[in-house]
> 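My questions all concern the structure below.
Order of the sequence lines fixes the chain letters, A, B, ..., with proteins taken first and strands second; residue numbering starts at 1 for each chain. All figures in this text were calculated on a predicted structure; none of them were measured in a lab. What you see below is based on every heavy atom in this structure, not just the backbone, and it leaves out hydrogens, waters and symmetry mates.
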2 protein chains.
Amino acid sequence: MKHINIFIICLVSVTAVSLQEAGAVEFRKGAPVTIHIDSSEWEGVAMAAENLACDFERVTGVKAVFGDDAVITAGTLGHSDIASFLTQDEKAQLEGRREMYLMKVDDDSIIIAGSDMRGTIYGIYSLSEKIGVSPWYWWADVPVRQYDHIKIENGTFTDGEPAVQYRGIFLNDEAPCLTGWVKNTFGTDYGGHEFYAKVFELLLRLKANFMWPAMWGWSFYADDPENSRLAATMGIIMGTSHHEPMARNHQEWVRRRDEYGIWDYRTNRQVIDRFFTKGMERARDNEDLITIGMRGDGDTAMGGREGHDDEYVPNDRDNMKLLENIISNQRKIIRKVTGKPADQRPQVWALYKEVQRFYELGLKVPDDVTILLSDDNWGDVRKLPDERERQRKGGWGMYYHVDYVGAPRNSKWLNVTPIQNLWEQMQLTYAYGVDKLWVLNVGDLKPMEYPISLFLDMAWNPSSFDASNLLDHTRGWCAVQFGEEQADEAARILNLYSKYSGRTTAEMMDCRTFDLASGEFSSVCDEWLKLETEALRQFLSLEPQQRDAYRQLILFPVQALSNLYEMYYSQAMNLDLAARGDDAANYWADNVERCFARDAELMRQYNKEMSAGKWDGMMTQKHIGYFSWNDNFPADRLPRTERVESFEGGCSFPADSRGFTAIEAEHYFSAGASEHTRWTVIPYMGRTLSAVALMPYTESTDGAALRYRFELPEGTGSVKVHVIVKSTLAFNGSGHHYKVSLGDASQTVCFNERLNENPENIYSVYYPTVARRVVESIVELPARGGWNEIVISPEDPGIVFEKIVIDYGGYRDSFLFGDESLLTKAPQH
Amino acid sequence: MKHINIFIICLVSVTAVSLQEAGAVEFRKGAPVTIHIDSSEWEGVAMAAENLACDFERVTGVKAVFGDDAVITAGTLGHSDIASFLTQDEKAQLEGRREMYLMKVDDDSIIIAGSDMRGTIYGIYSLSEKIGVSPWYWWADVPVRQYDHIKIENGTFTDGEPAVQYRGIFLNDEAPCLTGWVKNTFGTDYGGHEFYAKVFELLLRLKANFMWPAMWGWSFYADDPENSRLAATMGIIMGTSHHEPMARNHQEWVRRRDEYGIWDYRTNRQVIDRFFTKGMERARDNEDLITIGMRGDGDTAMGGREGHDDEYVPNDRDNMKLLENIISNQRKIIRKVTGKPADQRPQVWALYKEVQRFYELGLKVPDDVTILLSDDNWGDVRKLPDERERQRKGGWGMYYHVDYVGAPRNSKWLNVTPIQNLWEQMQLTYAYGVDKLWVLNVGDLKPMEYPISLFLDMAWNPSSFDASNLLDHTRGWCAVQFGEEQADEAARILNLYSKYSGRTTAEMMDCRTFDLASGEFSSVCDEWLKLETEALRQFLSLEPQQRDAYRQLILFPVQALSNLYEMYYSQAMNLDLAARGDDAANYWADNVERCFARDAELMRQYNKEMSAGKWDGMMTQKHIGYFSWNDNFPADRLPRTERVESFEGGCSFPADSRGFTAIEAEHYFSAGASEHTRWTVIPYMGRTLSAVALMPYTESTDGAALRYRFELPEGTGSVKVHVIVKSTLAFNGSGHHYKVSLGDASQTVCFNERLNENPENIYSVYYPTVARRVVESIVELPARGGWNEIVISPEDPGIVFEKIVIDYGGYRDSFLFGDESLLTKAPQH
């Protein structure tokens with residue numbers, strides 16, 4: 001942003017702060033504001049002013065009125081009397097500029113002057129944002145804070161001219177989410193003008209000027225004739241997507257295919273030319289940007305079949321010749337319809353997929369046509385013009401994706417574009433002279449709110465961003481949505497969300513994506529969990545009216561992916577444990593089911609509860625169960641798990657590469673009880689999994705023993721056996737004993753004879769031990785490589801066993817006595 | 001619980017469900033209930049009935065009234081006409097029983113008959129709980145749900161007799177929390193009768209009958225004469241703590257020490273005997289349990305100094321002789337004051353600390369005296385009677401702790417007692433015949449809510465608990481506090497909280513408690529984080545009026561410990577990184593400060609925001625910065641951290657025992673840029689830490705290089721260098737190259753020449769790679785053991801470096817290319 005002069009906005013919630021000397025315009029709660037718009041002004045400006053009037057109601061409680069004795073006057077040079085409010089110098093600053101405004105604040109008036117219609121509109125919405133209305137107030141339910149006083153200090157302000165001429169979005173891949181939501185919200189089976197009015201308003205508030213409408217099943221032009229008129233009136237320049245030439249929606253062809261015949265210029269040229277001509281006639285009098293060129297039927301190569309690109313046999317040379325012919329004819333139609341040379345009407349030719357290869361092979365298009373480059377759908381640009389190419393008159397554009405349908409997998413569900421990736425490639429794009437058209441594929445629009453803002457802000461002024469200040473943008477955006485106090489934390493979470501979600505997509509991910517054995521998988525899950533905790537903490541710290549916005553912009557995506565990661569991790573754990581016969585696998589199988597159900601529940605909350613159900617249908621994208629890029633499966637699919645039969649004992653521990661084997665007491669190979677007793681697992685007891693005790697404590701322990709089986713590496717000569725028991729005191733007066741045997745050797749341990757308050761014990765042994773709540777005793781016994789069995793026999797009742805560590809050289813002290821070693825489990829016969 | 005007959009309560013929120021045939025008593029919203037209490041009834045019963053009347057208001061909206069034509073009639077055998085409502089058989093069931101009630105529900109009446117005063121009271125509160133009022137409704141703000149209809153099916157019900165005769169709590173260590181809260185709430189500098197009325201009510205609702213009052217700075221008997229009268233009236237049997245003999249508060253001596261002189265029976269016997277006599281006179285006509293014996297001045301050994309137990313030189317034989325003499329004199333006083341043999345008045349002698357040793361050394365007390373054993377303050381019992389000892393007439397008691405002040409460290413802040421530990425030791429205690437008195441040290445009472453319930457429920461019927469059904473109690477308790485739908489998850493979290501918090505206490509913990517290097521420390525932090533996430537999720541799923549209860553019973557303790565673990569982990573990370581000169585240490589130092597501040601903020605929320613500030617002062621316990629058991633430090637102390645000066649480069653990587661060295665691109669040893677460029681760190685970019693690129697991309701890369709220093713184990717002959725870059729496409733048409741050099745050898749890599757949509761690449765290379773967003777290239781180069789330097793030189797602009805892995809035998813593929821190896825950092829000179 002370029003400050004021509006000092007411009008300070010001071011939002012005071014209770015009483016006005018007296019600003020030193022400087023004059024200011026002040027708005028007060030409940031006091032109506034008057035806006036003046038000249039009668040000769042563009043209708044689009046009047047519509048923006050009407051929105052501003054409503055914004056004042058959101059902030060002060062009273063809608064602004066229109067009249068002559070106005071505080072706010074907005075107008076476009078040449079379309080109103082606004083020039084009379086400007087100095088010669090100010091006029092000179094505006095004249096001939098593109099989409100620029102000046103805002104003059106002077107004690108009792110605010111003058112917004114635009115160099116053209118959109119300049120004025122952007123100025124108006126700029127004032128909206130400054131009184132506290134987020135561009136996302138409707139599309140993300142960002143609450144508008146009411147103030148008693150708002151002061152806007154004297155000064156003159158402008159955002160300058162945009163760096164990129166056409167800046168906009170592409171609503172794409174709009175089923176089921178956008179389609180369903182529009183049906184639920186507007187009652188239409190298509191995107192009609194009520195819907196597009198909301199989209200256009202958002203774009204203008206974001207200082208965009210361009211869009212490609214949704215075109216999977218919808219036809220912008222044909223569905224609702226008001227659509228096109230509304231765009232022109234409000235100031236949005238429409239285009240058609242990269243494979244829809246001559247201002248026609250592909251659906252216009254599809255719906256009348258019986259009548260039109262085949263979409264093949266080789267064989268059906270006359271019909272297609274007529275089809276093109278009608279599009280051009282319809283677009284003749286507006287600003288719409290004409291897409292030229294041609295691809296096959298649908299979003300596929302000429303000669304290919306939509307959805308079957310992998311079967312396509314390229315036929316480049318023939319296609320190139322045909323394409324040159326097509327473009328030549330399209331230009332003739334343009335000339336004929338507009339009555340002017342073709343180069344007078346802006347056109348764009350998209351180098352998408354195979355079309356880029358045609359260009360590289362030498363296919364030429366007229367110099368006035370903008371060539372639209374693209375990324376690889378994953379955020380890396382495929383081609384940039386070299387110095388010579390940059391000279392072309394029509395310039396260059398970039399078609400960039402934050403939503404994608406195609407190979408290897410769709411990314412339609414959540415935003416998966418790291419902030420840094422978008423910035424890095426778009427700054428590269430701009431550095432290579434691509435500044436005619438930037439268009440962003442945003443899927444259903446939600447939940448791509450932040451990438452849309454970032455992309456469009458970069459399109460306005462790419463040079464203001466660099467690696468060190470990039471996240472200031474994120475923070476500033478969060479401040480607009482959640483307030484200054486919440487901005488740092490919200491931005492931190494949003495940035496980490498974008499980073500983590502960019503590692504792989506929900507659609508690509510499965511239980512093998514991350515490495516289980518090295519702990520990588522649990523690590524990434526824990527990162528998500530931490531992020532979710534932090535998002536939940538922040539959620540609770542917000543005022544209730546902020547929570548819907550926070551949920552959709554931050555909390556939901558974080559929770560959804562945190563849960564998905566837990567689900568696939570649980571699947572990985574399940575399959576791994578099941579393969580070893582460990583019935584702990586069943587816990588993880590249950591957890592897969594819990595996560596799968598929670599995924600659906602989170603989606604349901606987004607659709608049905610958040611914002612009182614305003615976004616019903618917007619979050620219905622499948623994302624679990626892909627096996628190809630195509631999402632033609634009926635519903636999310638529960639990941640496969642395996643169940644293992646549960647039984648007691650039977651655990652064996654293969655040698656552990658860490659150099660020690662850690663065994664939870666309940667994972668014995670076999671257990672023999674004494675008369676009237678039972679080896680009893682006490683779930684959750686102790687530092688890690690559980691504890692095991694011979695109960696009841698009033699019976700004799702004669703003959704009772706726990707046996708543990710483990711393998712030792714060849715060459716082992718002895719082991720240190722660490723037995724960890726609960727710090728039971730010698731309540732029997734004589735202490736508690738157990739015997740540890742391995743082969744022929746054995747040793748008896750009394751672990752609590754000094755756990756008393758006698759002077760010689762109290763400070764040295766007793767206090768430190770009782771506070772640890774466990775006693776670790778170490779017994780060294782001879783052992784040999786291969787399979788061994790250790791026998792632990794209690795000699796007094798009341799001993800609670802927690803863990804056994806067999807150290808053959810690698811163990812180092814740790815509070816939890818090491819993660820348990822991997823076990824295999826098989827019934828004893 | 002023992003069901004004499006079918007008893008079903010059916011809570012119906014909207015319409016009454018017609019129960020098959022069975023009759024029932026029904027209460028309706030808004031319809032007043034009448035209760036009958038005979039005029040000759042105990043006052044304590046009338047008080048409980050008054051509370052029941054208020055409970056009806058909580059549930060039906062209308063307070064119950066008292067009158068003759070009553071639905072509910074409650075009374076005590078021998079103190080009312082209640083017998084006239086019972087059959088001969090029912091009377092026989094009650095007569096001679098201790099604290100037992102029968103509840104008869106019969107179409108239009110509920111009869112509650114008690115064998116004695118407390119039996120009737122327990123019956124009354126049992127009805128309260130059954131209409132949906134938690135015993136914790138006031139002490140934990142558990143909301144009472146209103147119903148349109150409540151039906152209680154016909155039948156007769158009883159809880160039977162309690163297994164343990166005296167069951168209660170000890171309010172202890174009551175400063176600063178309880179003391180501050182009482183001051184804020186009741187305006188008194190002591191616990192007065194308004195405060196104790198709330199405590200007594202809670203105890204009776206929990207079917208307890210006994211307590212030791214707080215005695216640090218308060219004097220139950222002296223502070224407010226109403227206290228003792230109220231206890232007797234309401235039905236609570238008072239005792240004095242283990243070192244306050246003869247029904248006197250230690251404060252009564254302390255406050256008049258000038259007058260009384262020294263607390264030494266050897267030299268000041270007459271004064272002390274008079275002191276004892278006054279206590280006995282005061283207690284003559286109530287049920288209070290008389291503590292006998294004597295310890296030193298305050299909670300210390302005779303001859304010791306309070307707070308200086310470690311300096312105490314034992315003098316056992318002399319003290320034993322003195323103690324026998326003291327007890328003999330105390331018994332004389334009892335006989336004299338009561339006018340009956342001493343064995344007619346229940347007495348207790350506590351074997352606490354050194355006193356247990358006196359017993360073991362042979363000190364004898366009369367057979368009618370109850371001997372009170374104790375745990376080690378950490379939940380393990382020190383001694384249990386053998387079969388012979390069990391025969392003593394006075395029986396045995398257990399003094400058990402869930403709050404503790406003493407060595408090695410206090411545990412005064414939060415509950416740190418695992419559910420399993422409490423159960424395991426108390427079932428042991430009961431199995432060894434200790435059933436006369438169970439008293440639980442509960443500190444400030446809050447936040448020990450669940451252990452109090454569990455302990456008192458076990459005291460009523462210990463045999464009903466076993467290892468497999470223990471957590472049913474937790475679940476049932478959660479169902480009472482949070483409702484059936486929330487009970488499973490709340491109980492799961494409460495159990496895990498108790499387990500994790502029992503590993504070590506907040507006061508014991510520091511940055512060395514868990515092992516950092518093995519990942520143990522981060523693992524336990526992640527467990528806490530997961531628990532916090534789950535608690536937060538549940539918190540949000542609750543109805544708003546349930547949230548205060550959930551916060552105090554579950555969410556706050558989880559969040560407080562989760563944060564504390566993160567703080568000490570951050571400190572461990574800080575000190576570890578700082579020792580290696582890594583300025584990442586500073587992030588962790590900041591995080592220690594954030595966590596420290598958050599700890600205070602969580603406490604503030606508990607005191608000031610939760611329940612609208614009702615618990616102001618209750619959560620003010622210091623818990624960070626202990627260096628001895630004593631908490632005589634002015635305030636929580638920020639853990640020590642170290643700051644490291646930040647500078648670019650200088651990173652060296654010692655050989656990594658994993659067999660590979662993983663290096664984040666920004667951790668170079670040195671970096672040389674080309675003209676007009678700068679090596680730019682892009683924070684957060686890429687899969688792990690960040691990315692590094694030579695910017696701007698429009699300048700030549702001539703001469704630019706990144707250098708990485710690392711050590712190789714002796715014997716290394718070659719290494720595989722994995723270079724991970726962002727999957728930048730060949731936007732320049734010719735591809736992007738970098739050179740990797742090690743010593744004299746080098747190799748040039750073009751990592752993106754096949755990243756295009758040409759048919760031979762698109763499905764095999766392009767799609768899989770772009771979706772991964774990184775390209776990993778592997779270069780094998782000769783190398784030698786010792787320090788090496790690798791040089792990476794970009795030959796085209798636009799390459800973004802993410803990570804370098806030097807594999808000398810141990811690397812296995814993983815998505816994030818391995819955790820970074822440990823580095824040391826030193827400025828280059």
Side-chain angles (χ1 to χ4, degrees), chain A residues 310 314 353-354 356-357 376 378 380-384 407-409 418 420-421 424 428 431 467 495 499 502-503 508 513-515 518-520 526 529-530 532-533 536-537 680-682 684-685 687 696-698 727-729 731-733 757-759 763 767-768 770-771 773 798 800 814-816, chain B residues 310 314 353-354 357 376 378 380-384 407-409 418 420-421 424 428 431 467 495 499 502-503 508 513-515 518-520 526 529-530 532-533 536-537 680-682 684-685 687 695-698 727-729 731-733 757-759 763 767-768 770-771 773 798 800 814-816:
Chain A
D310 50 337
K353 302 231 170 185
E354 80 291 349
Q356 177 171 324
R357 197 168 61 244
D376 55 5
W378 295 84
D380 284 298
V381 302
R382 294 178 59 206
K383 178 190 163 52
L384 290 170
R409 290 283 164 83
Q420 293 73 21
N421 289 32
E424 193 262 349
L428 165 69
N495 176 45
K499 173 185 174 63
R503 285 174 174 163
M508 293 282 291
T513 306
F514 296 92
D515 188 49
S518 65
E520 180 184 70
D526 288 336
L529 205 60
K530 185 162 184 359
E532 181 177 354
T533 312
L536 283 166
R537 287 177 189 160
T680 305
V681 174
I682 308 172
Y684 301 101
M685 190 161 198
R687 288 193 176 170
Y697 291 165
T698 44
S727 58
T728 301
L729 303 186
F731 60 79
N732 56 8
E757 299 192 7
N758 293 344
Y763 285 97
Y767 279 143
V770 298
R773 288 181 167 154
V800 182
S814 70
F815 193 86
L816 302 178
Chain B
D310 50 338
K353 300 230 170 188
E354 80 289 349
R357 197 168 59 247
D376 54 5
W378 295 84
D380 283 299
V381 303
R382 294 177 60 203
K383 178 190 164 52
L384 290 171
R409 290 284 162 84
Q420 293 74 22
N421 289 33
E424 193 262 347
L428 166 68
N495 176 44
K499 174 185 173 63
R503 285 174 174 162
M508 294 282 291
T513 305
F514 295 92
D515 187 50
S518 65
E520 180 185 70
D526 288 335
L529 205 59
K530 186 162 181 5
E532 181 178 356
T533 312
L536 283 165
R537 287 178 191 158
T680 305
V681 174
I682 309 172
Y684 301 102
M685 191 163 196
R687 288 192 177 170
M695 293 189 128
Y697 290 165
T698 44
S727 58
T728 302
L729 303 187
F731 60 78
N732 55 9
E757 300 192 6
N758 292 344
Y763 284 97
Y767 280 143
V770 298
R773 288 179 165 156
V800 182
S814 71
F815 194 86
L816 303 178

> Which atoms of A/P408 are under 4.5 Å from chain B, going by heavy atoms: the side chain, the backbone, both sets, or neither?
both
> Is atom OH of A/Y697 surrounded by more than 12 heavy atoms (other residues, nucleotides or ligands) closer than 6.0 Å?
yes
> Would you mind telling me which of A/R357, A/M685, A/K383, A/Q356 has the largest number of heavy-atom pairs within less than 4.5 Å of chain B?
A/M685
> Going by salt bridge (charged side-chain N to carboxylate O under 4.0 Å, His left out), name the residues that satisfy it together with B/R382, two or more places apart in sequence or in a different chain.
A/E757
> May I ask you to name which of B/T698, B/V681, B/L428, B/T680 has the most heavy-atom pairs under 4.5 Å with chain A?
B/L428
> Just verifying a value: how many Å separate B/E532 CD and A/R537 CZ, rounded to the nearest 0.5 Å?
4.0 Å
> Any side-chain donor-acceptor pair under 3.5 Å between B/S727 and A/D380?
yes
> Any chance you could measure A/E354, atom CD, to B/N758, atom CG, to the nearest 0.5 Å?
12.0 Å
> When rounded to the nearest 0.5 angstrom, what distance separates CG in A/L529 from CG in B/L529?
5.0 Å
> Just checking A/Y767: does its OH atom have more than 12 heavy atoms from other residues, nucleotides or ligands closer to it than 6.0 angstrom?
yes
> Is A/E520 reaching over with its side chain to a backbone N or O of B/L816, donor-acceptor style, under 3.5 angstrom?
yes
> Classify the side-chain pair B/S518/A/S814 by whether it contains a donor and acceptor separated by less than 3.5 Å.
no
> Heavy-atom distance under 4.5 Å to chain B: side chain of A/D526, backbone, both or neither?
both
> With the side chain counted from C-beta on, respond yes when B/L536 and A/T533 share a heavy-atom pair under 4.5 Å apart, and no when they do not.
yes
> For the residue pair A/R773 and B/P418, what are the closest heavy atoms and their distance?
NH1-CD, 3.8 Å
> What part of A/R503 gets closer than 4.5 Å to chain B, counting heavy atoms only: side chain, backbone, both or neither?
both
> My understanding is that only residues two or more places apart in sequence, or in another chain, count here; which of them pass salt bridge (charged side-chain N to carboxylate O under 4.0 Å, His left out) with A/D515?
B/R812
> Is B/N421 in contact with chain A via its backbone, its side chain, both, or neither, using a 4.5 Å heavy-atom distance?
both
> Taking all heavy atoms of A/L729 and all of B/V381, pick out the closest pair and write down the distance.
CB-O, 3.4 Å
> Most heavy-atom pairs under 4.5 angstrom with chain A, which of B/M508, B/K530, B/R409?
B/K530
> Does any heavy atom of chain A fall under 4.5 Å from the side chain of B/Y763, the backbone, both, or neither of them?
side chain
